[in-house]
Q: 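Dropping a structure here in structure tokens format, bear with me for questions.
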Amino acid sequence: MTRTLDQSEHARRARDRGRTARAWTWFSRRTIEAGTHYRDLSWRTVWVQALMAAGLIGLSRIDPGFALSPWALLIGVIWALLIVRIAILKAT
């Protein structure tokens with residue numbers, strides 16, 4: 001006798017217990033999957049990259065007239081935004 005599993009979203013969530021059930025209450029599947037990619041990063045790595053992004057932004061502001069300053073600012077801001085996203089996902 002073969003048993004057919006009910007794969008509906010409601011049935012799957014009802015089967016989940018503990019941490020998984022709590023996560024599905026507050027976050028979408030896409031957010032949870034994105035967060036699992038950052039579990040292997042240590043907080044030290046996140047902080048070092050955040051400091052490097054801030055340093056790049058700071059260096060771009062020392063001499064704003066320098067040819068590479070706008071690029072350093074743009075890269076630093078994008079990097080900082082990505083690190084903030086990673087830190088939020090890692091914390092949750």
Q: Counting N and O atoms only, with roles assigned by atom type, does the side chain of Ser69 sit under 3.5 Å from a partner on the main chain of Gly65, one being a donor and the other an acceptor?
A: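 A pair under 3.5 Å: no.
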
Q: Minimum heavy-atom separation for Gly76 and Ala53, please, with both atom names.
A: O-CB, 3.9 Å

Q: Following the transitive rule for hydrophobic clusters with a side-chain heavy-atom cut-off under 4.5 Å over Ile, Leu, Val, Met, Phe, Trp and Tyr, establish whether Trp43 and Met52 coincide in one cluster.
A: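 Yes; Met52 is reachable from Trp43 via cluster members.
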
Q: Of the non-hydrogen atoms in Leu89 and Thr92, which two are nearest, and what is the gap between them?
A: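 Looks like O-OG1, 3.1 Å.
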
Q: Would Val84 end up clustered with Val48 when hydrophobic side chains under 4.5 Å apart are linked, directly or stepwise?
A: no

Q: Just to verify, what does Thr45 make a side-chain hydrogen bond (donor to acceptor under 3.5 Å, both in side chains) with, not counting sequence neighbours?
A: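 With neighbours one apart ignored, the set is Ser42.
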
Q: Can you name the residues that form a side-chain contact (heavy atoms from CB on, under 4.5 Å) with Ile83, not counting sequence neighbours?
A: Val46, Gln49, Ala50, Trp79, Ile86

Q: Could you measure the distance from the CG atom of Leu73 to the CG atom of Leu56? Nearest 0.5 Å is fine.
A: 8.5 Å

